[in-house]
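Presented below is the structure to which this report refers.
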Amino acid sequence: MADALILDAKPAAMPGRTPLVDKFGRAITYLRVSVTDRCDFRCLYCMSENMTFLPKRDLLSLEELDRLCSAFVARGVRKLRLTGGEPLVRRDIMLLFRSLARHLETGALDELTLTTNGSQLPRFADQLAACGVKRINISLDTLDPEKFSAITRWGELAKVLAGVDAAQAAGLAVKINAVALKGTNEDEIPALIEWAHGRGVELSLIEVMPLGEIGPERVDQYLPLSLVRARLSQRYTLEDVDYRTGGPARYVRVRETGGRLGFITPLTHNFCEGCNRVRVTCTGTLFMCLGQEDAADLRTPLRASEADALLQAAIDEAIARKPKGHDFVIDRRTRQPALARHMSTTGG
Ligand code: SAM
């Protein structure tokens with residue numbers, strides 16, 4: 001592997017290239033890219049213990065991932081989030097961050113960021129900050145070391161907490177994402193809020209989504225955030241705030257802590273009308289909606305030619321098919337996952 005990706009340094013916005021707008025008038029300005037399907041954790045709600053991962057030859061190279069991201073940036077994508085699997089376990093991933101940072105320098109991109117489980121941040125936080133990454137999302141569902149090991153199967157809480165420290169020490173703004181899990185962390189949500197807000201960190205709670213065969217039954221994990229919010233209201237003063245990140249989270253300010261709390265509610269509230277995002281997997285498959293199966297193969301047009309015309313045509317065709325929304329259901333009668341693919345395929 002070379003020390004640096006040698007890639008086109010031209011400003012990304014290409015004259016004559018139209019922005020990506022779907023048939024419902026939604027501009028696609030946010031791309032999430034899963035750079036690997038592998039992870040150093042095996043979270044109960046995300047993966048089964050014995051996952052079969054993709055053969056390495058099926059993965060896009062770092063150069064191909066760069067080309068793909070840059071093709072979207074040229075079409076008006078302003079925010080790029082690398083995810084996984086665990087993005088920081090992909091070999092030489094910092095080469096990709098360093099290379100994509102050129103789009104921040106040209107002003108073509110507003111934000112380059114990542115979602116991580118935090119385990120590798122002690123090693124990478126400074127390098128990420130040096131690439132122009134300003135904010136990161138760290139997934140953390142509990143502050144109890146035993147529960148943490150049980151939820152992640154392979155993870156160690158102390159490493160993740162060291163990762164949060166490293167990120168903050170590097171000057172990165174941190175947002176913690178916690179999946180609300182019935183009977184697992186539901187009693188701990190106030191403790192998570194107070195811990196996060198006490199360190200000047202924002203917290204978002206997420207409803208578990210029915211993606212992939214995972215072993216345990218979803219219905220046993222699912223905790224509606226409407227219920228969590230009602231319970232929190234008995235303890236705290238939750239003030240609605242207008243703050244929006246362009247994403248699905250709806251925010252409140254917790255008056256007693258002074259911090260912001262987000263609710264991401266794919267099940268109790270469908271937020272698709274404002275969807276501005278699409279997702280690409282590490283094999284170059286484009287998902288136009290997290291909650292639908294329809295997908296487009298971008299790897300074939302990417303590899304078919306060194307110019308981007310075929311790739312851009314495939315992107316246009318796919319965006320024209322972006323569905324209006326998703327419709328997740330979790331109940332006792334719906335025993336099948338809504339979708340066969342795991343969250344680790346698209347990175348959430
Ligand atoms: N490894 C990175 C991490 O842990 O953040 C990035 C990938 S992980 C798949 C992204 C996020 O998806 C994590 O916050 C994880 O908790 C969440 N997630 C995974 N499976 C989920 C599911 N079925 N429902 C809701 N969130 C899920």
Side-chain angles (χ1 to χ4, degrees), residues 32-49 51 53 81-90 93 113-121 124 128 135-142 147-148 150-157 159-160 163-164 167 174-182 184-185 192 196 202-225 228 247-249 262-268 271 277 279-282 287 290-291 326 328-330 334 336-348:
R32 294 189 177 206
V33 184
S34 174
V35 296
T36 175
D37 61 334
R38 289 163 200 255
C39 188
D40 50 343
F41 292 180
R42 289 289 179 280
C43 296
L44 285 172
Y45 51 80
C46 184
M47 292 186 177
S48 66
E49 189 150 22
M51 293 288 288
F53 292 110
R81 176 180 299 279
L82 303 195
T83 173
E86 171 49 42
L88 296 180
V89 303
R90 170 99 194 225
I93 191 62
T113 184
L114 75 156
T115 299
T116 173
N117 65 27
S119 66
Q120 310 299 314
L121 282 173
F124 290 122
L128 289 166
R135 305 186 303 162
I136 62 173
N137 289 358
I138 302 179
S139 305
L140 176 60
D141 304 325
T142 175
K147 246 189 236 177
F148 187 86
I151 294 174
T152 61
R153 291 190 182 110
W154 297 2
E156 206 187 304
L157 178 65
K159 283 197 185 149
V160 172
V164 177
V174 172
K175 184 170 81 126
I176 301 289
N177 283 333
V179 178
L181 296 163
K182 185 154 87 185
T184 305
N185 63 359
L192 274 166
E202 191 174 303
L203 174 74
S204 283
L205 302 172
I206 309 177
E207 281 174 341
V208 77
M209 290 174 244
L211 301 187
E213 282 294 352
I214 48 156
E217 285 219 33
R218 286 288 173 203
V219 72
D220 296 329
Q221 299 178 336
Y222 174 52
L223 178 63
L225 288 185
V228 173
F263 295 92
I264 303 179
T265 54
L267 285 107
T268 52
F271 41 64
R277 63 194 59 193
R279 296 169 168 85
V280 181
T281 71
C282 55
F287 285 93
L290 178 63
H326 66 258
F328 291 135
V329 179
I330 298 182
T334 320
Q336 294 300 314
L339 299 167
R341 91 183 110 84
H342 292 89
M343 190 68 112
S344 51
T345 311
T346 50

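Only heavy atoms go into these numbers, but all of them, side chains included; no hydrogens, no water, no symmetry mates. Whatever order the structure lists ligands and atoms in, that order sets their numbers, starting from 1.
Using a 4.0 Å cutoff on heavy atoms, Gly85 counts as a contact of ligand 1. Under the 4.0 angstrom criterion for non-hydrogen atoms, Met47 is not in contact with ligand 1. Between Gly84 and ligand 1 there is a heavy-atom distance shorter than 4.0 Å.
Residue Met209 has at least one N or O atom closer than 3.5 Å to an N or O atom of ligand 1. For ligand 1, the polar-atom distance check finds no N/O of Asn177 at less than 3.5 Å from any of the ligand's N/O atoms. Polar contact with ligand 1: absent for Asp141 (N/O pair, distance under 3.5 Å). Taking only nitrogen or oxygen atoms, main chain and side chain alike, Pro87 does not reach within less than 3.5 Å of ligand 1. At under 3.5 Å, a nitrogen or oxygen of Glu86, whether backbone or side chain, sits near a nitrogen or oxygen of ligand 1.
In Asn117, the parts holding a heavy atom less than 4.0 Å from any atom of ligand 1 are both the side chain and the backbone. Counting heavy atoms under 4.0 Å from ligand 1, residue Thr115 touches it through both backbone and side chain. With a heavy-atom cut-off of 4.0 Å, Asn137 does not touch ligand 1 at all.
For ligand 1, the atoms lying closer than 4.0 Å to a non-hydrogen atom of Val179 are 16 (O), 26 (N). In summary, the atoms of ligand 1 found under 4.0 Å from a heavy atom of Thr83, numbered by their order in the structure, are 6 (C), 7 (C). Less than 4.0 angstrom separates some heavy atom of Cys46 from each of these atoms of ligand 1: 9 (C), 19 (C), 20 (N).
No more than 12 heavy atoms of other residues, nucleotides or ligands sit less than 6.0 Å from atom NZ of Lys159.
For Ser119, the side-chain contact (heavy atoms from CB on, under 4.5 Å) partners at least two apart in sequence or on another chain are Asp40, Phe41, Asn117. For Asn137, there are no side chain to side chain donor-acceptor pair (under 3.5 Å) partners, not counting sequence neighbours.
Taking the side chain as every heavy atom from C-beta outward, Ile93 and Leu88 approach each other to under 4.5 Å. Side-chain contact between Glu49 and Trp154: present, with at least one pair of heavy atoms (C-beta onward) separated by less than 4.5 Å.
Here the side chain of Arg81 pairs a donor or acceptor atom with the backbone of Leu114 at under 3.5 angstrom. No donor-acceptor pair closer than 3.5 Å links the side chain of Gln120 to the backbone N or O of Val89. For Asp37 (side chain) and Phe53 (main-chain N/O), no donor-acceptor pair under 3.5 Å exists by modelled atom type.
Inspection of the Glu86 and Thr36 side chains reveals no N or O donor paired with an N or O acceptor under 3.5 Å.
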